[in-house]
Protein chains: 2
Amino acid sequence: MSESRPRIVPEATVARLAVYLRVLAGLADGGRSSVSSGELASAAGVNPAGLRKDLSYLGPCGVRGVGYSVAGLRERLTEVLGGERSRPCVLVGIGRLGSALADYAGFASRGFQFVGLLDSDPRTVGTEVGGLPVHPAEELEAVVARTGATIGVITTPAEVAQTVCDRLVAAGVRSILNFAPVALTVPAGVDVRKVDLSVELQVLAFLDQQRDGSAPVVAALRADPQESVR
Amino acid sequence: MSESRPRIVPEATVARLAVYLRVLAGLADGGRSSVSSGELASAAGVNPAGLRKDLSYLGPCGVRGVGYSVAGLRERLTEVLGGERSRPCVLVGIGRLGSALADYAGFASRGFQFVGLLDSDPRTVGTEVGGLPVHPAEELEAVVARTGATIGVITTPAEVAQTVCDRLVAAGVRSILNFAPVALTVPAGVDVRKVDLSVELQVLAFLDQQRDGSAPVVAALRADPQESVR
DNA sequence: AACCGCTTGTGAACGCCTGAACAAAGTCGC
DNA sequence: GCGACTTTGTTCAGGCGTTCACAAGCGGTT
């Protein structure tokens, strides 16, 4: 039932909710007890009306004329985002990026817990990263089964990412965060989010160039067709 | 002049062009000389029609009935994305994430060159990361001026990110890639792209939860209004 | 107890991006 | 030399996300 359930909360909204949650944590530390949508939006870098629309997906959770209760909104967001119970994650590929992620304090404080680190390099296996031992890649299925992890993070080289992905899915992982620069193929029912660091830089370079020389790209667009058609 | 110039190439398209460029590099290494839109789209993980639409922004660059020339398309994309001349970048905050980025092979091979690494920790300053020496944070302005860097990457703790950002902008940097979990405020004419790793995980957790317990969030949405309105 | 100002929540319009179907064009085979 | 097949480039419609503007509701004040 509810096979083709329409997404109740847009994915873009979910991403922003996570941002609001972090801002709220900062406000709570500062001793604030209530916030207005304008202030919260400013801190999160979004439009106030958009923020209110985002929050409206969770039902009414503010008080008109006053604002939002910092503690109350925080609790609601935590519940909605699934941070109530800490979610076990496995991380495959303990290179420099993988090590950085394993040791990233931002994860643990937000209810995420890496329960298994895996790598295929014998020199890395057996070492400790962020207080956790690195297991050999062969134990992937065993680690997933033992910990019941449903989220996997891939920070391996691109060549082996698809293989790792297949093994994760076969082992029961249904949500994957992929840092390898390849498009992963997964069966229906599995979610993949891709973070491509070099693409981010390249987009910046494009915007940079577009500003620099009075938009050379546009000039190229106007001039090239004649050359290439000829 | 051209104050409010409409964006000729949509930003979402630019991001995908970078992906196509990488796929093309792999194909070139494999000895391929031409590709069809279907094959390229499959490797990039997008819709074939969308890919053709993306490429059409650059003017006609394929041959009907045959496909795209791997070498030709690669050259065109490289030119458009501004990777022709290598763009100097500075990286501020040489923690674990910063070190990973500085040493990330994917950047150097794509025309990006880190010309300055900066950190405020005396224990980090003076060490070498990825073959480059780490300079003290005080030299930020000097490094930017000397290298002519126009792109800055921020991997500092959230508390100092805005200060670092202000100094980068004042020194002449106009494109910033921000990994710190805060919304940066910049003057008009400066582009900021934000990568938030914990948000990515949190979105995955949400999708995970939404699948798990027959969408408890939806249940909450249906039940709450009655309670709170009453 | 009633008024006033402030803030939320929501409805509608706008624009952008995505996905699918069609026409143009070039090449290969006969 | 001609026909047919393949593949690009484009046009159109649909959906999604964002933004603006207004009505509803609550607290503080007199």
Side-chain angles (χ1 to χ4, degrees), chain A residues 4-17 19-20 24 32-70 72-73 76-77 183 203 221 224-226 228-230, chain B residues 4-17 19-20 24 27 32-70 72-73 76-77 183 203 221 224-230:
Chain A
S4 64
R5 164 163 44 85
R7 211 179 283 303
I8 305 293
V9 182
E11 199 164 308
T13 292
V14 174
R16 284 190 295 266
L17 291 181
V19 176
Y20 306 153
L24 284 171
R32 293 288 301 274
S33 62
S34 73
V35 221
S36 69
S37 66
E39 192 176 359
L40 199 53
S42 170
V46 300
N47 189 296
L51 180 138
R52 291 199 297 272
K53 197 169 194 49
D54 285 340
L55 294 182
S56 74
Y57 285 107
L58 320 179
C61 46
V63 181
R64 301 182 186 224
V66 177
Y68 299 92
S69 155
V70 171
L73 188 54
R76 177 68 72 95
L77 284 179
V203 172
L221 276 171
D224 275 346
Q226 306 170 353
S228 53
V229 164
R230 183 119 289 273
Chain B
S4 63
R5 165 165 43 86
R7 212 178 283 301
I8 304 293
V9 182
E11 201 164 308
T13 292
V14 174
R16 283 190 295 267
L17 291 181
V19 176
Y20 306 154
L24 283 171
L27 288 173
R32 294 288 300 274
S33 62
S34 74
V35 221
S36 70
S37 66
E39 193 176 359
L40 199 53
S42 169
V46 300
N47 188 295
L51 180 138
R52 292 199 296 272
K53 193 174 192 58
D54 285 340
L55 294 183
S56 74
Y57 284 108
L58 320 179
C61 46
V63 181
R64 299 182 188 222
V66 178
Y68 299 92
S69 155
V70 171
L73 188 55
R76 176 69 72 91
L77 284 178
V203 172
L221 276 170
D224 275 347
Q226 306 170 354
E227 303 175 18
S228 53
V229 162
R230 187 121 287 274

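Letters go in sequence order (proteins before strands), and every chain restarts at 1. Atoms considered below: every heavy atom in the structure, side chains included; atoms not considered: hydrogens, waters and symmetry mates.
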Margin query: Please identify the 5'-most and 3'-most nucleotides of DNA chain D with any atom under 4.0 angstrom from a heavy atom of chain B.
Written below: D:dT6 to D:dT11
Margin query: On a heavy-atom basis, which atom in B:S34 and which in B:V70 lie closest, and how many Å separate them?
Written below: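 Between these two residues, the closest heavy atoms are N-CG2, 3.6 Å.
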Next item on the list: Under the side chain to side chain contact (heavy atoms under 4.5 Å, CB included) rule, what do B:V35 and B:L73 come out as? Steps first, then yes or no, please.
Entry: CA-CA 10 Å; B:V35 221; B:L73 188 55; over 6 Å; no
Checklist line | Axis bend over the full length of the helix from C:dA1-D:dT30 to C:dC30-D:dG1, computed from five pairs that close each end, to 10 degrees | finding: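 Taking five pairs per end, the axes differ by 10°.
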Note to self: Given 3.5 Å as the limit, does a donor-acceptor pair link the side chain of A:R76 with the main chain of A:C61, or not?
What the structure shows: no
Margin query: Need two values: the first and the last nucleotide of DNA chain C, 5' to 3', having an atom under 4.0 Å from any heavy-atom of chain B.
Written below: C:dC17 to C:dT27
Note to self: So B:G50, base contact, sugar-phosphate only, or nothing? Heavy-atom distance under 4.0 Å.
What the structure shows: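 Nothing, no heavy atom under 4.0 Å.
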Quick check for you: to the nearest 0.5 Å, what is the distance between [X] atom [atom1] and [Y] atom [atom2]?
| X | Y | atom1 | atom2 | value |
| --- | --- | --- | --- | --- |
| B:Y20 | B:L55 | OH | CG | 6.5 Å |
| A:I8 | A:T13 | CD1 | OG1 | 12.5 Å |
| B:Y68 | B:S36 | OH | OG | 9.0 Å |

Notebook entry, point to check: Taking for each residue the nucleotide of DNA chain D bearing the nearest heavy atom, is the 5' side occupied by A:R16 or by A:V66?
Noted result: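 That would be A:R16.
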Item checked: Residue closer to the 5' end of DNA chain D, A:R52 versus A:A12 (nearest nucleotide) -> A:A12
Checklist line | Pairs satisfying salt bridge (Lys or Arg N to Asp or Glu O under 4.0 Å), at least one member in residues 45-54 of chain A, at least two apart | finding: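 Checked against salt bridge (Lys or Arg N to Asp or Glu O under 4.0 Å) - neighbours excluded - the pairs reaching residues 45-54 of chain A are A:R16-A:D54.
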Notebook entry, point to check: With A:A15, which residues qualify under side chain to side chain contact (heavy atoms under 4.5 Å, CB included), at least two apart?
Noted result: B:V199, B:V203
Scan the side chains in residues 38-50 of chain B for donor-acceptor partners under 3.5 Å anywhere in the protein, sequence neighbours excluded, and list what turns up.
from: B:E39; atom 1: OE1; to: B:R32; atom 2: NH2; distance (Å): 3.0
from: B:E39; atom 1: OE2; to: B:R32; atom 2: NH1; distance (Å): 2.8
from: B:N47; atom 1: OD1; to: B:A49; atom 2: N; distance (Å): 2.8

